[in-house]
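FYI, side chains are in, hydrogens and waters are out, and symmetry mates aren't considered; it's all heavy atoms of this structure. Because the structure is a prediction, the values reported are computed rather than measured.
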Amino acid sequence: MNRRIDPTLVITLLLLITGGLLMIYSASAPNQAAGNDLRYVTKQIIAILIGLALCWTTAIIPTRYFRAYSWQAVVMTSILLALCFTGFGVSVNGARRWLDLGFINLQPSAIAKIVAMVAVAANLQRFRAELHKISVILVCLYPAFVFMLLIIPEPDFGTTAIITICSVMMLFIAGAPGKYFGAIFAGGITLGIPIMLFESYRLRRILAYLSPWENESGDAYQIIQGWIAFHSGGFWGQGLGNGLSKRQFLPEPWTDYIGAVLAEEAGYIGFMILIVLYMLLLWRGLHIAMRASDAFSTYLAAALTLMICGEAFLNLGVITGILPPKGLVLPFISYGSTSIICHLWAIGFLLSISAESHDTEKGWIPAEPLQSTVGIEAK
């Protein structure tokens, strides 16, 4: 199939990936043994190649197939999440979020984020004439509930929150009555706060964020080192490879805090370029959502865009001190095999949706009405 590819989205993606590889090399090389300074870059390149293949495959497949087989994807992903608690699971720092596949540690919760959005979007399209019924809303959100029950015990509060926020946003776009959102918000607060504080390390992170200088050698150490790196960059930065924060000051600087290394070496100007790239991605994602050929594609494109850009701005909010620490990667920049593969997969969906909207405008495929049907009684 000859499909039109969104050039702005592709160029933005390539710039982010290229910048990510440069920063991973710069952040990880000083911490590697002699002759092995390309270890993390090599692994990331392999993951990028896998992700690009998945992205391209997704981009050329019509979205109706993903909608039709969404429940099978939910079942398969649920099995992967359950396997994390068996002998196949890998425990890292007390969290059981990974499956050891030999060449890669697969993180099923990252896959679950995307599958949940596909499944919820498919349900919302199917039942969009009956969203005035609370029972129908619960059915639409059922895949998200299943995944959250399996992800919370890992524990992974961040992914749980992302799935919740994106699912509720799709519900809002679909036109569900406003009276239900108050109940959802109250329920989220009632359940979310105890779950967030159930693990003592989360409470310590919050306290460290509120009073970092009282615990600068403990839980607030990474926060303060990130601030120092950010401040040290100035306007023009120290130059690629010349930062000091990555040299035994920031723990594993090629992961969550790679944005601090970027700010130190590329300065304020480099940091602002990164934000502009994410803003471009946000613009293209929302543009694709608004011009989508059917309701399913609108919901899914908006949710995937919110997921990627939301994770980016949450991560950048942490390193600048606006938000308390949370283990979220910087999309396309941080090291992480499953993360980069799944984010590229999400871009594949956006490209597919964009291509179909273009085909609809040309009259090659019929458009499906997008108007809200909330308030229309089901016959």
Say whether, by atom type as modelled, one donor and one acceptor occur between the side chain of T338 and the main chain of Q107 under 3.5 angstrom. yes

Atom of A302, atom of A289 and distance for their closest heavy-atom approach: N-CB, 3.7 Å

Between the side chain of T58 and the main-chain N/O of L54, is any donor-acceptor distance below 3.5 Å? yes

What do you reckon, is OH of Y69 surrounded by more than 12 foreign heavy atoms closer than 6.0 Å? no

Looking only at heavy atoms, the pair that brings H343 and M307 closest together is CD2-CE, 4.0 Å

Test of understanding: clusters of I, L, V, M, F, W, Y form through side-chain heavy atoms closer than 4.5 Å, transitively. Do L306 and L316 belong to the same one? yes

Partner residues of F349 under the ring pair (Phe, Tyr, Trp, His ring centres under 6.0 Å) criterion, sequence neighbours left out: F66, W345

For D256 and N315 the tightest heavy-atom approach is O-ND2, 3.0 Å

Determine the sole option in L16, L15, T8 for which the side chain to side chain contact (heavy atoms under 4.5 Å, CB included) test with L281 is passed. L16

Give a yes or no on this: more than 12 heavy atoms of other residues, nucleotides or ligands lie within 6.0 Å of atom OH of Y180. yes

For side chain to side chain donor-acceptor pair (under 3.5 Å), just list the numbers for K246 and S26, CA-CA rounded to whole Å, side-chain angles, deciding distance to a tenth of an Å, and then say yes or no. CA-CA 9 Å; K246 63 194 179 187; S26 178; 2.8 Å; yes

Give a yes or no on this: more than 12 heavy atoms of other residues, nucleotides or ligands lie within 6.0 Å of atom CZ of F313. yes

Under 3.5 Å: donor-acceptor pair, side chain of R128, backbone of Q125: yes

Indicate yes or no for a side-chain donor-acceptor contact from T159 to the backbone of D156 under 3.5 Å, with no hydrogens or angles considered. no

Counting distance only, does the side-chain N/O of Q44 pair as donor-acceptor with the main-chain N or O of G336 below 3.5 Å? yes

Given L274, L330, V261, the one that forms side chain to side chain contact (heavy atoms under 4.5 Å, CB included) with M23: V261

In terms of heavy-atom contacts, R96 and T86 come closest through NH2-O, 2.9 Å

Answer yes if the side chains of S232 and E264 hold a donor-acceptor pair under 3.5 Å, and no otherwise. no

Check ion pair R291-E356 (N to O, under 4.0 angstrom): no

Does W56, at its CH2 atom, have more than 12 non-hydrogen atoms belonging to other residues, nucleotides or ligands within less than 6.0 Å? no

For C140 against N123, the heavy-atom pair lying closest together: O-ND2, 3.3 Å

To check you understand the geometry: which heavy-atom pair defines the closest contact between S78 and V146, and what is its length? OG-CG1, 3.7 Å

Please say whether more than 12 non-hydrogen atoms of neighbouring residues, nucleotides or ligands are located less than 6.0 Å from CZ in F88. no

Does F85 CZ have over 12 foreign heavy atoms under 6.0 Å away? yes

